[in-house]
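Below: the structure, in structure tokens.
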Amino acid sequence: MDLQADLKAAIQQAIHTLYNTSVDDVTLQPTKKEFEGTYTYVFFPLVKSLRKSPAEIGQALGNWLQSNAPVVRSFNVAQGFLNISVSDAAYIQALNGILAQPDFGVTPNNGQSVMVEFSSPNTNKPLHLGHLRNNFLGDSISRILAANGFAVTKACLVNDRGIHICKSMLAYQKFGRQEDGTFETPESAGLKGDHLIGKYYVLFDKAYKAEVKQLVDEGMAQDVAEKKAPLMQQAQAMLLKWEQGDAETVALWQQMNTWVYAGFADTYNNIGVSFDKTYYESNTYLLGKDVVEEGLASGVFYQKEDKSVWIDLTDEGLDQKLVLRGDGTSVYITQDLGTTDLKFSDFHSDRSIWVVGNEQDYHFKVLFAIMKRLGRPYAAGCYHLSYGMVDLPSGKMKSREGTVVDADDLVNEVTNVAAAAADAAAKGKLDEFTGAEKQELFHMIGLGALKYYLLKVDPQKRMLFNPEESVDVHGHTGPFIQYAHARIRSVLRKAQESGLVFDAPADESVELHETEQELIVLLGQYPKRVKEAGDNFAPSSIAQYVYDLAKAYNRLFAELSILSEPDPVKTQLRLTLSAQVAETIRKGMGLLGIGVPDKM
RNA sequence: GGUCCCAUAGCUCAGCUGGAUAGAGCAUCUUCCUUCUAAGAAGGCGGUCAUUGGUUCGAAUCCAAUUGGGAUCACCA
């Protein structure tokens, strides 16, 4: 059924029979296009141990396989390469095998659970392009791990407290009054809640910078001025009041966060991302102190004279790291120690993934090292899915300088461009669509373009966001793949109207075209690619695979006819193959969080 | 200064645990719609895989050094 597995076994048997030795790992690779064959076995390693010429060994292996393995139709030898052509019957058996497994590529429950934490927004500003890469990665890797048999919990840790929120709150108090004397609201401003709060964050920064500049002009040093500026002092005072539970401050904080969450909910809904569990830092920021106590007691941490608590990780190539301030208050990692414990005690996950930008690589190394030293049993299952920054053609995105690309604006933009592209290309295909259906389709295509654009790149790498390329619908893009799916669905619709079926096993005696062979090989790779993507936390490898599949199908579509093929047995095979390709595209794109349309 | 990440075609990126003449897309130049969706397909052009050494039958891939870019080493998060 599985072409590769059959072939590997046959090769192992051949080697054993002919040379009475065994090879534990037979790796096959797809044969290069310049040579004839399906798979290539590289047997250079045998040449050395057998002390025979490559030509001799290749011929012997090939001959044995051809007469003993039904999978093998023919072979040729070039140096240390044995190129094996698979028989058409074996291809078709493989296709029928895939057809018989509705859950092809999905590993059944493996008994393990994993938590994936991602998104983790701050409540002082709306989501931007950088968050989108994070969200799409987190969402996709969650789906990929689920397909690999894990029970997945998607978690979001909201950074809803701290000095940055106080800045927005303060600016709102100062500048939020409207002409009629009442304070601005999302309704009165006509803004989403998160955008309204973001507006005040920007206002704070402007006013604060002006204050600093004035102080510097009056002769104060820059770093002193940054601390002494009245707005900063007031923001800090506000944070203190918040921590003391001051009723008025807390009420304002709650009001503003409520608006922000409503805005976030819209955005998440719009980009198709959701969470199973949300943690709020306002509930967790005090955690971790007991972990520090524990570490002190067990000697993992040590205390300095000023009462501050440290861990020495210099023997692991890291540094000495503060885990609690001298005044007993928390630092970032203190919270994370506590929150990590909390997450594991809540869900007892076997593994935990943090989707966080690579500027925090060091932080997570330290966090995991500490967890290991504290003897947490889950320490080995912790993984930081680190991803690179998204750059703009104009350079780095900086929120303070207003060069960020807003997530909501971007999604609207890609939807509009998709609509324009569809109008230009539809040629009547969408005439029976209602306005709402069209809108849904444009959103699916626009978002598909954006998601695919951000996911096709290796997460680890820093990437360049080119606005024009991100909405492109041609070439190596999401819409290209969606289009391939829509074409197949169109053919299948017509087949159905003619009473043809496309879920029946194909006749094994059909002679195959090379594009058909290529597609069957690709389809067979799907489970392996899903597993690889899970093992390596790499949605990009699924993205690449689905593209390859769509591209290969387009070739078949251009070279062969399906419904007007004179031989009904061939039509049947092509329908079955097409249906499986469509299904695999749908599943693969699903792992990226991208929908595929039946018409476009 | 220490540590980590990155470097492949004009541009954006693939290249799995080492395998044959390094692949896509964009851009550019040719072709192909009275035939299942041309948002497509076929072809041309385009490369010293940053550099130098090493490992071996074989290196874009592994190791070391160098150069260039980025991040981080905060009692910020």
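In what follows, every heavy atom counts, from backbone to side chain, and hydrogens, waters and symmetry copies are set aside. Residue numbers start from 1 in every chain, and the chains themselves are labelled A, B, ... in the order their sequence lines are given, proteins ahead of strands.
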Checklist entry - For B:rC36, does either OP1 or OP2 sit under 4.0 Å from a side-chain N or O belonging to A:R574? => result no

Next on the checklist: Does A:A422 reach a base, just sugar-phosphate, or nothing at all? Heavy atoms under 4.0 Å.
Outcome noted: base

Checklist entry - Within the structure shown, what part of the strands sits under 4.0 Å from A:M463 by heavy-atom distance: base, sugar-phosphate, or nothing? => result sugar-phosphate

Next on the checklist: It should be established whether A:H474 places a side-chain nitrogen or oxygen under 4.0 Å from OP1 or OP2 of nucleotide B:rG40.
Outcome noted: yes

Checklist outcome for this item: A:S561 has its side chain closest, among B:rG25, B:rA77, B:rC36, to B:rC36

Checklist outcome for this item: Atom CG of A:L549 and atom P of B:rA24 are separated, to the nearest Å, by 17 Å

Next on the checklist: Tell me which residues in residues 323-335 of chain A lie within less than 4.0 Å of RNA chain B, going by non-hydrogen atoms.
Outcome noted: A:R325, A:V331, A:Y332

Checklist entry - Do A:R493 and A:K599 touch side chain to side chain, with heavy atoms closer than 4.5 Å? => result yes

Checklist entry - Less than 4.5 Å apart, any side-chain heavy atom of A:M169 and any of A:I165? => result yes

Next on the checklist: Taking B:rG23 as the reference, what is the distance to B:rU30 when you measure between their C1' atoms (whole Å, please)?
Outcome noted: 22 Å

Next on the checklist: It should be established whether A:K321 places a side-chain nitrogen or oxygen under 4.0 Å from OP1 or OP2 of nucleotide B:rC75.
Outcome noted: no

Next on the checklist: Looking at A:I562, is its backbone amide N or carbonyl O close enough to the side chain of A:E565 to form a donor-acceptor pair, meaning the two atoms are under 3.5 Å apart?
Outcome noted: no

Checklist entry - With a non-hydrogen cut-off below 4.0 angstrom, is A:T477 in contact with a base, only sugar-phosphate, or nothing? => result nothing

Checklist entry - Going by 5.5 Å between centroids and 30° between planes, is there a stack of A:Y547 over B:rA24? => result no

Item to check | Sugar-phosphate only, base, or nothing, as touched by A:L464 at under 4.0 Å among non-hydrogen atoms | outcome: sugar-phosphate

Checklist outcome for this item: Among the nucleotides B:rG19, B:rG40, B:rC36, whichever has the atom closest to the side chain of A:F480 is B:rG40

Next on the checklist: Regarding B:rC11, can its base be found pairing with the side chain of A:N466 as donor and acceptor, where the two atoms are less than 3.5 Å apart?
Outcome noted: no

Item to check | Passing option when A:F81 is tested against A:F44, A:Y39, A:Y41 for ring-ring contact (aromatic ring centres under 6.0 Å, His included) | outcome: A:F44

Extract from the structure each pairing of a protein N or O with an N or O of nucleotides 30-33 of chain B at less than 3.5 Å, listing the distance.
none

Checklist entry - Going by the angle between their ring planes, with limits at 30° and 60°, are A:Y545 and A:Y526 parallel, tilted or perpendicular? => result tilted

Checklist entry - With centres under 5.5 Å and planes under 30°, do A:F44 and B:rG19 count as stacked? => result yes

Next on the checklist: Less than 4.0 angstrom between a side-chain N/O of A:Y362 and OP1 or OP2 of B:rU72, yes or no?
Outcome noted: no

Could you write out each protein N or O paired with an N or O of nucleotides 3-10 of chain B at a distance under 3.5 Å?
unit_1 : atom_1 : unit_2 : atom_2 : d
B:rC5  : O3'    : A:Q460 : NE2    : 2.7
B:rC6  : OP1    : A:Q460 : OE1    : 3.4
B:rC6  : OP1    : A:Q460 : NE2    : 3.2
B:rA7  : OP1    : A:K461 : NZ     : 3.1

Checklist outcome for this item: Here the distance between atom C1' of B:rA14 and atom CD of A:E532, to the nearest Å, is 13 Å

Checklist entry - With centres under 5.5 Å and planes under 30° as the test, does A:F81 stack with B:rA20? => result yes

Next on the checklist: Tell me whether the side-chain N/O atoms of A:K32 come closer than 4.0 Å to OP1 or OP2 in B:rA20.
Outcome noted: yes

Next on the checklist: Using the C1' atom as the point on both nucleotides, what is the distance between B:rC11 and B:rC73, in whole Å?
Outcome noted: 35 Å

Checklist entry - Base, sugar-phosphate, or nothing for A:D306, non-hydrogen atoms under 4.0 angstrom? => result base

Next on the checklist: What contact category does A:E468 fall into here, base, sugar-phosphate, or nothing, at under 4.0 angstrom with non-hydrogen atoms?
Outcome noted: nothing

Checklist entry - Which listed nucleotide (B:rA20, B:rU37, B:rC75) is nearest to the side chain of A:A78? => result B:rA20

Item to check | Chi class for B:rC49: syn within 90° of 0, otherwise anti | outcome: anti

